[in-house]
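In what follows, a structure is listed as structure tokens, so that the remarks can point back to it.
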2 protein chains.
Amino acid sequence: MPGKRSSCPINTCLEIFGDRWSLLVIRDLMLSGFRSYKELLSSEEGIATNILADRLSKLEDAGIIASRRDPEDGRKLLYRLTTKGIDLAPILREMARWSTTHEGAHPSPATVELVKANRFVQEARRRSEDESLPPLLAPSPRRKAR
Amino acid sequence: MPGKRSSCPINTCLEIFGDRWSLLVIRDLMLSGFRSYKELLSSEEGIATNILADRLSKLEDAGIIASRRDPEDGRKLLYRLTTKGIDLAPILREMARWSTTHEGAHPSPATVELVKANRFVQEARRRSEDESLPPLLAPSPRRKAR
DNA sequence: CCGGATCCGTTTCGATACTG
DNA sequence: CAGTATCGAAACGGATCCGG
């Protein structure tokens with residue numbers, strides 16, 4: 001349903017950024033490079049299995065992420081951002097910057113440095129191309145089972 | 001409810017950008033400077049009165065928008081972005097840039113120029129301080145009552 | 001008239017159990 | 001492990017009502 005709304009420059013972002021879970025998936029892939037379904041499940045703060053599956057397929061349809069078999073473990077699917085997805089990095093960077101300025105967000109020191117140094121986008125890109133690189137952020141807070 | 005999630009740099013943006021309607025309200029205020037409740041109702045693509053009221057109060061609680069009486073028409077309330085809200089402009093700018101690059105978004109030529117010239121943020125700021133300036137974008141597509 | 005608040009039918013979301 | 005089915009909870013949209 002492309003609808004009748006192409007006059008505003010941010011409308012095409014709405015389906016991604018109008019949704020909390022899509023945003024979290026993108027953030028996680030951007031910070032870590034590759035992730036399997038299971039890793040995303042435990043990383044995102046308590047996303048349900050059906051929601052994750054739904055968002056992954058929508059993001060894949062939108063050409064923002066892509067999946068492929070894990071060459072080392074045939075059972076797993078590895079998800080990563082496409083070029084189009086990686087290009088969302090500047091948006092995330094500005095979000096991180098805003099949060100740090102206006103709310104008491106406490107990103108990891110490493111992330112702060114990246115944002116300051118303007119290398120966030122570049123690092124996110126490298127991470128999607130080279131899976132040997134470590135994540136930008138620790139494995140995740142892993143929210144307590146509510 | 002600050003919750004237990006401060007380790008990621010974008011978490012504090014989630015409540016705004018995880019919600020479609022908040023995003024639209026912010027976009028509209030950013031492009032036009034001031035808006036009354038009624039104007040927002042007809043500008044946003046078909047938002048319901050209760051939803052708009054809800055989002056306006058949440059955004060006000062978050063310190064992102066502020067309201068005051070229209071000096072010329074005591075019945076009206078005028079909403080505008082606070083400094084904190086205006087500082088979201090870089091995020092919107094990157095969204096506009098991404099949309100223009102990756103989807104066939106057709107922003108108004110004026111908006112394209114602003115984004116290219118990097119003046120989007122600056123113009124949004126001016127518009128929130130000086131209500132004599134024209135909106136950056138036409139009064140809005142005004143979606144057909146389906 | 002303007003800015004909401006309230007009620008209500010419908011749709012969507014999300015937690016859990018379950019399956020290939 | 002990756003993903004569906006189910007079903008209750010929440011959000012949404014529309015209409016209507018109300019105080020100023």
Side-chain angles (χ1 to χ4, degrees), chain A residues 1 3-5 14-25 28-29 32 34-62 65-80 139-140 142-146, chain B residues 1 3 5 14-25 28-29 32 34-61 65-80 131 139 142-146:
Chain A
M1 70 209 65
K4 195 84 250 45
R5 49 215 168 88
L14 272 182
E15 288 175 36
I16 305 162
F17 290 99
D19 179 69
R20 164 192 178 82
W21 296 118
S22 299
L23 193 46
L24 283 171
V25 168
D28 213 52
L29 290 177
S32 59
F34 294 79
R35 283 283 191 230
S36 68
Y37 184 87
K38 184 196 173 191
E39 288 170 324
L40 289 170
L41 258 192
S42 45
S43 295
E44 308 303 334
E45 352 192 11
I47 190 172
T49 61
N50 57 342
I51 305 299
L52 178 58
D54 176 72
R55 298 307 193 274
L56 286 173
S57 87
K58 280 180 179 166
L59 288 171
E60 197 158 6
D61 289 348
I65 67 174
S67 63
R68 52 153 217 216
R69 290 274 148 206
D70 184 336
E72 299 173 6
D73 182 350
R75 300 171 306 175
K76 289 185 180 176
L77 281 178
L78 290 179
Y79 295 90
R80 66 177 178 84
S140 250
R142 194 64 182 84
R143 193 174 63 163
K144 188 60 101 340
R146 72 87 223 277
Chain B
M1 71 211 67
R5 50 217 169 87
L14 273 182
E15 287 175 37
I16 305 161
F17 289 99
D19 179 69
R20 166 191 176 83
W21 297 121
S22 299
L23 194 47
L24 283 171
V25 167
D28 213 52
L29 290 177
S32 60
F34 292 80
R35 281 284 192 234
S36 68
Y37 183 88
K38 186 194 173 194
E39 288 170 324
L40 288 169
L41 257 191
S42 46
S43 295
E44 308 303 335
E45 352 192 11
I47 190 172
T49 62
N50 54 350
I51 306 298
L52 178 58
D54 177 70
R55 296 306 192 275
L56 286 174
S57 85
K58 280 179 179 168
L59 288 171
E60 197 159 5
D61 289 348
I65 66 173
S67 64
R68 52 150 219 219
R69 292 273 149 206
D70 184 337
E72 298 173 5
D73 183 348
R75 299 171 309 177
K76 289 187 179 176
L77 282 178
L78 291 179
Y79 293 91
R80 66 176 179 83
E131 60 194 293
R142 194 69 179 83
R143 193 173 61 163
K144 186 62 101 339
R146 90 53 225 297

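Numbers restart at 1 for each chain; the letters A, B, ... are given by sequence-line order, proteins then strands.
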Report the distance from atom CZ of A/Arg75 to atom C1' of C/dT19, rounded to the nearest whole Å.
17 Å
Separation of C/dC2 P from B/Arg69 CZ (nearest whole Å):
13 Å
Here the pair of heavy atoms bringing A/Ile16 nearest to A/Ser22 is O-CB, 3.6 Å
Please state how far atom CD in A/Glu39 lies from atom P in D/dA2, giving the value in whole angstrom units.
8 Å
What pair of heavy atoms forms the shortest contact from B/Glu39 to B/Phe34, and how long is it?
OE1-O, 4.3 Å
Which part of the nucleic acid does A/Arg55 contact within heavy-atom distance under 4.0 Å: base, sugar-phosphate only, or nothing?
sugar-phosphate
Would you find a donor on one side and an acceptor on the other, under 3.5 Å apart, between the side chain of B/Glu44 and the backbone of B/Leu41?
no
Counting only distance, no hydrogens or angles, is the base of D/dG3 paired donor-acceptor with the side chain of A/Asn50 under 3.5 Å?
no
To the nearest angstrom, the CD1-C1' distance between B/Ile47 and D/dG13 comes to 11 Å
Nearest to the side chain of A/Tyr37, which nucleotide is it out of D/dA2, D/dG13, C/dC13?
D/dA2
How is B/Leu77 classified with respect to the nucleic acid when contacts are heavy atoms under 4.0 Å: base, sugar-phosphate, or nothing?
sugar-phosphate
Do any N or O atoms from the side chain of B/Arg55 and from the backbone of B/Trp21 form a donor-acceptor pair under 3.5 angstrom?
no
Could you check how far CD1 of B/Ile51 sits from P of C/dT10, rounded to whole Å?
17 Å
Quick one: which of D/dA2, C/dA15, D/dG13 gets closest to the side chain of A/Ser36?
D/dA2
Where each residue is assigned the nucleotide of DNA chain C containing its nearest heavy atom, which of B/Thr49 and B/Asp73 is assigned the position nearer the 5′ end?
B/Asp73
Please pick, from C/dC7, C/dG14, C/dG3, the nucleotide with the shortest atom-to-atom distance to any side-chain atom of B/Lys38.
C/dG3
When you measure from the side chain of A/Tyr37 to the backbone of A/Thr49, do you find a donor-acceptor pair of N or O atoms at a distance under 3.5 Å?
yes
Length of the line joining A/Glu44:CD and C/dA15:C1', which is rounded to integer Å
17 Å
Expressed in angstrom and rounded to an integer, what is the separation of A/Glu72 atom CD from D/dC1 atom P?
16 Å
A/Trp21 side-chain N/O to C/dT12 phosphate OP1/OP2 under 4.0 Å:
no
So, does A/Tyr79 get its side chain near the phosphate of D/dG3, meaning an N or O under 4.0 Å from OP1 or OP2?
yes
Whole angstrom is fine here: how far is it from CG in A/Leu52 over to P in C/dA15?
12 Å
